[in-house]
Amino acid sequence: MASPRTITIVSLSVALGLFFVFMGTTKLTPRLSKDAYNEMRRAYKSYMKALPGLKKLGLSSVIMRKTIGSLELACGIVLTLVPGRPRDVANFILLLLVLIVLFFHQLVGDPLKRYAHALVFGILLTCRLLVTRQPEEEPHERKALHRGNGANSQDSKMKVS
């Protein structure tokens, strides 16, 4: 049977991965939701107006939106389907993207309700990363065997006064 830690990691990975696949796709194409796609286009235009330095570097709102959308889509697929180290890398990249998006929202003065989802998913990505980095606990039977001859160390201790 899978450990609770493994179940937590897999559940978070799949849920977060599917969310970022959806959000990345929304930034790239109007096929899922025309309204959401148009809102993303408008939002990224306002981000570019707030950061004129990016315009001087040759970045446009379209390039930025499509780059962030593509990264979210790719990392979401990896987070959902690919096991092991690539999942952790995708998690880290998505966490950086969430921080960038939160910065953009703050920069243009959006109200909390516009970026609350980014805060929540940023926290979930952080939790997933922390749970993944925790060492796996040994089952109680193995702990007892490692102490010596399968005897519980408390049973073999004698209290001396």
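When a residue number appears, it is its place in the shown sequence, counting from 1.
In terms of heavy-atom proximity, Val108 sits nearest to Ala50 at CG1-CB, 3.8 Å. Taking both residues in full, the closest heavy atoms of Ser33 and Ala36 are given as OG-N, 3.2 Å, listed atom of the first, atom of the second, then distance.
Under the 4.5 Å side-chain criterion, counting only non-hydrogen atoms from C-beta, Tyr115 is in contact with Leu102.
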All N/O donor-acceptor pairs, side-chain side in residues 15-23, below 3.5 Å, sequence neighbours left out:
none

Let me check something: any side-chain donor-acceptor pairs from residues 123-131 under 3.5 Å, sequence neighbours excluded? List them with distances.
residue, atom, partner, partner atom, Å
Thr126, OG1, Gly122, O, 2.8
Arg128, NE, Ser13, OG, 2.7
Arg128, NH1, Asp88, OD1, 3.3
Arg128, NH1, Asn91, OD1, 3.2
Arg128, NH1, Thr132, OG1, 3.3
Arg128, NH2, Ser13, OG, 3.4

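For Ala116, there are no side-chain contact (heavy atoms from CB on, under 4.5 Å) partners at least two apart in sequence or on another chain. For the side-chain hydrogen bond (donor to acceptor under 3.5 Å, both in side chains) test, residues two or more places apart in sequence or in another chain that qualify with Arg42 are Glu39. With sequence neighbours excluded, no residue forms a side-chain hydrogen bond (donor to acceptor under 3.5 Å, both in side chains) with Arg87.
Side-chain N or O atoms of Thr6 include none that pairs as donor or acceptor with a backbone N or O of Ala2 at under 3.5 Å. Side-chain atoms of Ser11 never come within 3.5 Å of backbone atoms of Thr8 as a donor-acceptor pair (strictly under, hydrogens ignored).
Under a hydrophobic clustering in which Ile, Leu, Val, Met, Phe, Trp and Tyr are joined whenever their side-chain heavy atoms come within less than 4.5 Å, directly or via other members, Leu119 and Val101 fall into the same cluster. Linking Ile, Leu, Val, Met, Phe, Trp and Tyr whenever their side-chain heavy atoms come within less than 4.5 Å puts Tyr44 and Leu107 in one cluster. By the rule that hydrophobic residues join a cluster once side-chain heavy atoms approach within less than 4.5 Å of another member, Leu71 and Leu79 end up as members of one cluster.
Taking NZ from Lys34 and CZ from Arg31, the interatomic distance works out to 11.5 Å, rounded to the nearest 0.5 Å. Taken from CG in Leu96 to CD1 in Ile93, the straight-line distance is 7.5 Å, to the nearest 0.5 Å. A distance of 6.5 Å separates CE of Met48 from OG of Ser60, quoted to the nearest 0.5 Å. The line from OG1 of Thr26 to OH of Tyr37 is 11.0 Å long, rounded to the nearest 0.5 Å.
Taking the six-membered ring for Trp and thresholds of 30 and 60 degrees, Tyr47 and Phe104 have nearly parallel ring planes, at less than 30 degrees apart.
For residues 51-73, every residue pair satisfying the salt bridge (Lys or Arg N to Asp or Glu O under 4.0 Å) rule, not counting sequence neighbours, is listed here: Lys27-Glu72.
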